[in-house]
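To start, the structure under review is shown below, and the notes come after it.
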Amino acid sequence: MTTNTTVCTEALYRWYRAHARELPWRNTDDPYAIWISEVMLQQTQVSTVIPYFERWIARFPAVKALAAADQHEVLRLWEGLGYYSRARNLHRAAQQLVERGTGFPSEPAAFSRLSGVGPYTTAAVMSIAFGHRLAAVDGNVKRVISRLYALDLDITSSAGLKRIAELAEQLLSDADPALHNQSMMELGALICRPKDPQCETCPLREPCQARLLGTPTAYPLRAPKAPTPHHHDAVALIYRQTELLIAQRPQSGLLAGLWHFPRIRGKTRAPTIATISNQLAQNYGLRVAPLANTPPCPKVDHAYTHFRVSLYPRLLALVGAPTTCLREDTEVTRWVAADQLADYPMSVADRKVAQAAGLGDARRA
DNA sequence: AACGCGGGGGT
DNA sequence: ACCCCAGCGTT
């Protein structure tokens with residue numbers, strides 16, 4: 001590992017000025033808009049974020065509008081973007097700011113105290129909006145630095161992260177922080193890509209140790225990942241006349257705060273009708289029977305980061321009245337008409353299920 | 001220090 | 001069928 005190489009970042013900045021993409025959040029100096037963009041961009045690609053960013057800024061143009069919104073609407077606007085705690089944290093942070101009443105924080109210490117704001121977001125927003133000298137280290141920067149110095153450390157390890165943070169600060173040096181951070185990230189996105197890096201046109205090709213070794217894609221080093229489990233769940237589409245039962249998920253954990261159809265977990269195969277009706281009786285105090293004269297619904301496959309799931313939609317009819325309260329202690333439930341489903345924030349998986357069950361286009365209009 | 005947390009785009 | 005992405009909070 002060679003770390004005493006001098007890296008001339010002037011070439012990088014020239015490249016950035018010539019090749020940077022035009023992005024909606026680059027046409028503003030509004031710290032709020034920059035903050036929203038940085039949170040949306042966490043673990044999410046630029047092309048995915050753009051339409052969400054535009055809609056969000058149109059609906060919530062400033063901190064005050066966001067703080068005044070219902071969580072329901074906030075989640076609906078975020079629906080499909082994933083990592084929903086980001087939306088709930090933004091909402092909470094906006095309310096924290098309104099409570100403080102001191103305007104948008106221009107100091108890193110104050111900004112980083114907000115919900116959902118960690119080291120990366122602090123460095124990015126504070127450098128871009130206010131010029132603070134903080135190195136933003138995201139996935140792109142980790143890759144660029146790993147290659148630049150042919151870093152022989154697992155970047156998912158704390159030692160690897162620490163070393164990269166040191167090198168990132170060193171590279172920032174006395175450059176313009178906003179220009180430097182954005183240049184590094186843009187380089188990672190456009191040139192120093194995970195696969196097929198464009199070393200021939202890279203402004204840092206001269207000092208790059210990984211290129212010198214001839215194995216740029218060998219970096220960054222990363223520990224192998226564990227295999228992801230796959231389970232098979234039944235999804236209960238329970239009719240009471242023309243209405244369907246949906247439930248709101250708890251405020252923490254997977255898909256927190258979103259609505260879903262009752263789910264019956266199957267480890268290795270789809271739960272049987274007997275299991276489904278037992279579980280619904282236990283968990284919701286409901287008696288159900290298979291809906292007559294309905295063709296079987298196709299299963300829905302969905303992948304999450306840490307597991308995969310096959311979902312088996314089951315059309316059911318409520319028999320009699322609910323015998324207990326519908327788990328009002330832990331889970332809010334509601335009977336809704338099919339054409340009202342679109343009003344409730346739901347995950348992509350549940351939208352797919354609704355679609356597969358012929359409930360029409362339940363996606364947000 | 002390790003893990004949970006979504007979804008989509010690229011190859 | 002993988003890999004990766006402008007990370008953060010919890011345990």
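In what follows, chains are A, B, ... by sequence order, proteins preceding strands, each numbered from 1. Hydrogens, waters and symmetry mates play no part in the numbers below; they use all other heavy atoms, side chains included.
- Contact between the side-chain N/O atoms of A:Arg86 and the OP1/OP2 oxygens of B:dG6 is not found at any separation under 4.0 Å.
- Counting to the nearest Å, the C1' atom of C:dG7 and the CZ atom of A:Phe111 are 13 Å from each other.
- Two residues, A:Arg193 and A:Ser157, neighbour DNA chain B, and the one matched to the more 5' nucleotide by heavy-atom proximity is A:Ser157.
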Distances for protein N or O near nucleotides 8-10 of chain C N or O, under 3.5 Å:
unit_1	atom_1	unit_2	atom_2	d
C:dC8	OP1	A:Gly118	N	2.9
C:dC8	OP1	A:Gly118	O	3.3
C:dC8	OP1	A:Thr121	N	2.9
C:dC8	OP1	A:Thr121	OG1	2.7
C:dC8	OP2	A:Pro119	N	3.4
C:dC8	OP2	A:Tyr120	N	3.2
C:dG9	OP1	A:Gly116	N	2.5
C:dG9	OP1	A:Val117	N	3.4

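- Place A:Lys195 and A:Ser85 on DNA chain C by their nearest nucleotides, and A:Lys195 ends up nearer the 5' end.
- Defined by atom type and a distance below 3.5 Å, a donor-acceptor pair is present between the side-chain atoms of A:Asp154 and A:Thr156.
- Here A:Tyr344 pairs with A:His72, A:Trp259 under the ring pair (Phe, Tyr, Trp, His ring centres under 6.0 Å) rule; sequence neighbours left out.
- Within 4.0 Å (heavy atoms only), A:Gly253 reaches sugar-phosphate atoms of the nucleic acid but no base atom.
- Between the C1' atom of B:dG8 and the CD atom of A:Glu79 lies a distance of 15 Å, rounded to the nearest Å.
- No hydrogens or angles considered: a donor-acceptor pair under 3.5 Å links the side chains of A:Thr9 and A:Tyr13.
- Distance A:Tyr83 OH to B:dG7 P: 10 Å, rounded to the nearest Å.
- Protein atom CZ of A:Arg88 is 10 Å distant from nucleotide atom C1' of B:dC5, rounded to whole Å.
- Under 3.5 Å, the side chain of A:Ser347 and the base of B:dG6 form no donor-acceptor pair of N or O atoms.
- For A:Tyr52 and B:dG7, the shortest distance from a side-chain N or O to OP1 or OP2 is not below 4.0 Å.
- Per the geometry, OH belonging to A:Tyr304 stands 10 Å off P belonging to B:dC5, to the nearest Å.
- With no hydrogens or angles considered, a side-chain donor-acceptor pair links A:Arg86 and A:Thr44 at under 3.5 Å.
- Between A:Met185 and A:Arg308, the one whose closest nucleotide on DNA chain C sits nearer the 5' end is A:Arg308.
- Within the 4.0 Å cut-off from OP1 or OP2 of B:dG6, not a single side-chain nitrogen or oxygen of A:His302 is found.
- Judged by atom type and distance alone, A:Ser47 does not reach the base of B:dG8 through any side-chain donor-acceptor pair under 3.5 Å.
- Neither OP1 nor OP2 of B:dG9 sits under 4.0 Å from any side-chain N or O of A:Gln45.
- Residues A:Lys267 and A:His232 bring no donor and acceptor atom of their side chains to less than 3.5 Å of each other.
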